[in-house]
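This structure is a prediction, so every number in the text was calculated from the model and none was measured. Order of listing sets the numbers, starting from 1, for every ligand and every atom in it.
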Amino acid sequence: MKIDNIDSYLREKDVKPSYQRTKIFQYILDNHNHPTVNQIYEALTDKIPTLSKTTVYNTLNLFIEKKLVEIITIEGNEARYDIYNPNDHAHFKCQLCKNLFDIHLDFSKMSLKELEDYKINEQHIHFIGICPECAKKQI
Ligand SMILES: [Zn+2]
Ligand SMILES: [Zn+2]
């Protein structure tokens with residue numbers, strides 16, 4: 001997803017673009033590795049000495065509420081964050097390198113007969129296994 005002006009994008013979504021919010025959003029946008037709260041905090045704390053983990057956490061919750069960011073929980077209570085992407089995609093979590101990969105998946109092409117009478121507000125699909133890189137190393 002390409003966003004030219006983060007300030008106006010945040011405003012569009014009804015979020016006041018403070019310096020910290022802009023930086024946190026920028027980080028998730030630039031680092032498409034699905035960072036955790038800790039990774040975001042560690043990466044930004046040098047540049048923003050006033051930043052606290054609570055601020056990162058609260059900002060992410062606001063972003064989730066405003067559909068700027070989505071939270072991905074695949075295993076246990078490990079929460080990772082991703083730019084909210086209306087073009088649905090699934091995730092693949094590698095059990096060896098712990099990376100989280102985006103898998104392009106057109107949800108509209110899936111046959112969901114059993115869901116016909118349900119109103120879907122959110123859909124999350126994820127796979128867990130071994131990624132191609134790690135599979136190569138195992139041989
Ligand atoms: Zn892997
Ligand atoms: Zn993703």
Side-chain angles (χ1 to χ4, degrees):
M1 193 151 81
K2 250 192 85 54
I3 294 163
D4 293 325
N5 187 320
I6 291 180
D7 275 27
S8 47
Y9 186 71
L10 294 185
R11 272 201 201 91
E12 230 173 77
K13 300 273 184 167
D14 205 21
V15 172
K16 229 175 111 209
S18 71
Y19 180 71
Q20 299 191 341
R21 285 173 181 172
T22 311
K23 286 286 172 207
I24 292 170
F25 190 77
Q26 177 87 57
Y27 181 81
I28 303 172
L29 192 63
D30 291 345
N31 294 274
H32 214 229
N33 57 348
H34 308 90
T36 61
V37 171
N38 277 342
Q39 283 172 319
I40 298 169
Y41 173 76
E42 300 289 334
L44 296 177
T45 188
D46 281 352
K47 277 173 240 157
I48 319 170
T50 52
L51 192 69
S52 70
K53 251 182 226 183
T54 311
T55 307
V56 177
Y57 189 74
N58 291 341
T59 304
L60 289 168
N61 279 342
L62 174 73
F63 285 169
I64 291 164
E65 190 192 310
K66 301 293 184 185
K67 289 216 183 316
L68 283 155
V69 159
E70 68 176 318
I71 185 167
I72 309 154
T73 42
I74 293 184
E75 279 180 305
N77 48 19
E78 181 196 59
R80 301 174 63 152
Y81 297 87
D82 198 3
I83 293 294
Y84 179 78
N85 188 350
N87 307 316
D88 298 305
H89 67 279
H91 288 108
F92 188 101
K93 166 98 186 250
C94 176
Q95 289 170 301
L96 295 179
C97 63
K98 308 288 179 202
N99 283 330
L100 202 57
F101 301 93
D102 282 333
I103 307 290
H104 296 283
L105 188 68
D106 188 349
F107 289 3
S108 67
K109 290 218 174 78
M110 296 191 317
S111 144
L112 296 168
K113 274 232 165 317
E114 274 183 67
L115 283 170
E116 259 168 20
D117 298 326
Y118 295 82
K119 182 182 173 288
I120 299 167
N121 291 325
E122 287 180 34
Q123 42 195 5
H124 305 279
I125 295 183
H126 63 256
F127 308 93
I128 297 177
I130 314 288
C131 78
E133 276 303 306
C134 291
K136 259 188 254 165
K137 285 181 210 150
Q138 277 192 314
I139 306 165

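- If you chain together hydrophobic residues whose side chains sit under 4.5 Å apart, Ile103 and Ile128 never meet in one group.
- In this pair, Phe25 and Phe63 present their aromatic rings perpendicular. The plane angle is above 60°, beyond the 30 to 60° band.
- Between Asn38 and Lys53 the shortest side-chain heavy-atom distance falls below 4.5 Å.
- Scored by the side-chain contact (heavy atoms from CB on, under 4.5 Å) test, Thr22 finds Ile6, Asp7, Leu10, Pro17 as partners (sequence neighbours excluded).
- There is no side-chain donor-acceptor pair under 3.5 Å between Asn99 and His34.
- A side-chain N or O of Asp30 and one of Gln26 form a donor-acceptor pair less than 3.5 Å apart.
- Around the Zn ion (ligand 2), protein N, O or S atoms at a distance under 2.8 Å total 5; waters are neither shown nor counted.
- Applying the 6.0 Å contact sphere to OH of Tyr118 captures no more than 12 heavy atoms from other residues, nucleotides or ligands.
- Ion pairing between a basic and an acidic side chain is recognised when a charged N comes within 4.0 Å of a carboxylate O; Glu78 and Lys98 show no such pairing.
- For Lys23, the salt bridge (Lys or Arg N to Asp or Glu O under 4.0 Å) test picks out no residue, with sequence neighbours left out.
- Neighbouring protein atoms of the Zn ion (ligand 1) (N, O or S, distance under 2.8 Å, waters ignored): Cys94 SG, Cys97 SG, Cys131 SG, Cys134 SG.
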